[in-house]
Each structure stands twice: as structure tokens, then as C-alpha cells.
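Below is one structure, written out as C-alpha cells; the observations come after it.
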Amino acid sequence: GAPQEETRQRRVAGAFVTSAMLLRADDQCLPRAIAARRLCHRQGQEAALVFGVRLEPFSAHSWVQCGDAVIVGELENVRLYTPILVLP
């Protein structure tokens, strides 16, 4: 059910927050997002890999979402980007 899915999402998000403290996370959004999406799928959680861009200054970013919830990728940062591709 929904509470169980939310618990799984929080576990994945927490694991990636912890890993960012231990390993370099800057400029690693794509490999982190791919790993997070794979982890979600292994746990039976539907997750989308999202690619976004911004123009001024140009930058690209990727993150993982379950529905409207951002699982990996800081929400404050994600808001700066326009999604251009979503891989379910």
C-alpha cells in the first residue's frame, strides 16, 4: 500500500543522502540517479529517471522521482530545471 511505498522511498532517499556524505556527489547526478532508479525497481517501486536542463547559465541535471516525490536529487535544485526526458 501507500505507507509501505513511502517507507521504501524514504529508505532509498536516505541511503543516497548518506552516500553523498561519504562519496563525492558533485557532478555525479547521472550515475547516482541511475543507481537509485535501479534500487527502486529492485524493491518493486516504480521510479522515473528524469533529465532536465536550464538555459541561463546552461546546465543539465538528472534525478529520480516516484510520482511527484523527488527521491534522489535535491528538490531545491530540481526546481531550477525543465524536464526534457522521463524514463519510467
Side-chain angles (χ1 to χ4, degrees):
Q4 188 177 27
E5 287 179 19
E6 187 174 322
T7 299
R8 284 189 203 131
Q9 292 171 4
R10 287 178 192 253
R11 278 194 209 134
V12 170
F16 280 82
V17 167
T18 300
S19 73
M21 289 187 282
L22 301 172
L23 304 169
R24 181 176 164 255
D26 294 342
D27 299 330
Q28 296 296 312
C29 63
L30 182 56
R32 290 173 51 79
I34 291 169
R37 180 173 172 257
R38 290 187 69 183
L39 181 59
C40 286
H41 284 200
R42 273 192 295 200
Q43 294 182 359
Q45 180 70 43
E46 300 249 348
L49 176 58
V50 184
F51 297 89
V53 295
R54 69 176 183 199
L55 297 179
E56 296 291 330
F58 180 80
S59 181
H61 187 48
S62 56
W63 63 92
V64 174
Q65 284 186 216
C66 291
D68 291 335
V70 175
I71 304 302
V72 172
E74 296 179 19
L75 183 58
E76 304 82 43
N77 198 18
V78 166
R79 289 180 178 160
L80 301 173
Y81 294 85
T82 300
I84 60 168
L85 178 64
V86 177
L87 301 176

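Index from 1, following the sequence. The structure presented is a predicted model; accordingly, all values stated were derived computationally and were not measured.
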>> Tell me whether the count of non-hydrogen atoms from other residues, nucleotides or ligands lying under 6.0 Å of CZ in R10 goes above 12.
In response: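 Result for CZ/R10: open.
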
>> Check this for me: Q43, atom CD, are more than 12 non-hydrogen atoms of other residues, nucleotides or ligands nearer than 6.0 Å?
In response: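 Counting other residues, nucleotides and ligands, CD of Q43 exceeds 12 neighbours.
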
> For Q45, what residues pass the side chain to side chain contact (heavy atoms under 4.5 Å, CB included) criterion, not counting sequence neighbours?
Replying inline: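 Side chain to side chain contact (heavy atoms under 4.5 Å, CB included) check on Q45 returns E5, R8, Q9, C40, C66.
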
> Under a single-linkage definition using a 4.5 Å side-chain heavy-atom cutoff for Ile, Leu, Val, Met, Phe, Trp and Tyr, are L55 and V50 assigned to the same hydrophobic cluster?
Replying inline: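 Not linked; separate clusters.
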
> For the hydrophobic clusters of this structure (ILVMFWY residues joined by side-chain heavy atoms under 4.5 Å, transitively), does one cluster hold both L87 and L30?
Replying inline: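 Shared cluster, yes.
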
> In Å, rounded to the nearest 0.5 Å, how long is the span from CZ of R37 to CD of E46?
Replying inline: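 Going from the CZ atom of R37 to the CD atom of E46 covers 10.0 Å.
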
>> Listing request: all ring pair (Phe, Tyr, Trp, His ring centres under 6.0 Å) pairs with a residue in residues 30-59, at least two apart in sequence or in separate chains.
In response: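 Not a single pair qualifies under ring pair (Phe, Tyr, Trp, His ring centres under 6.0 Å).
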
Please output the side-chain donor-acceptor pairs of residues 67-82 that fall under 3.5 Å, not counting sequence neighbours, one pair per line with the distance.
| residue | atom | partner | partner atom | Å |
| --- | --- | --- | --- | --- |
| Y81 | OH | S59 | OG | 3.0 |

> If you take all heavy atoms of V64 and A33, which pair is closest and at what distance?
Replying inline: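 In terms of heavy atoms, the two residues are closest at CG2-O, 3.1 Å.
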
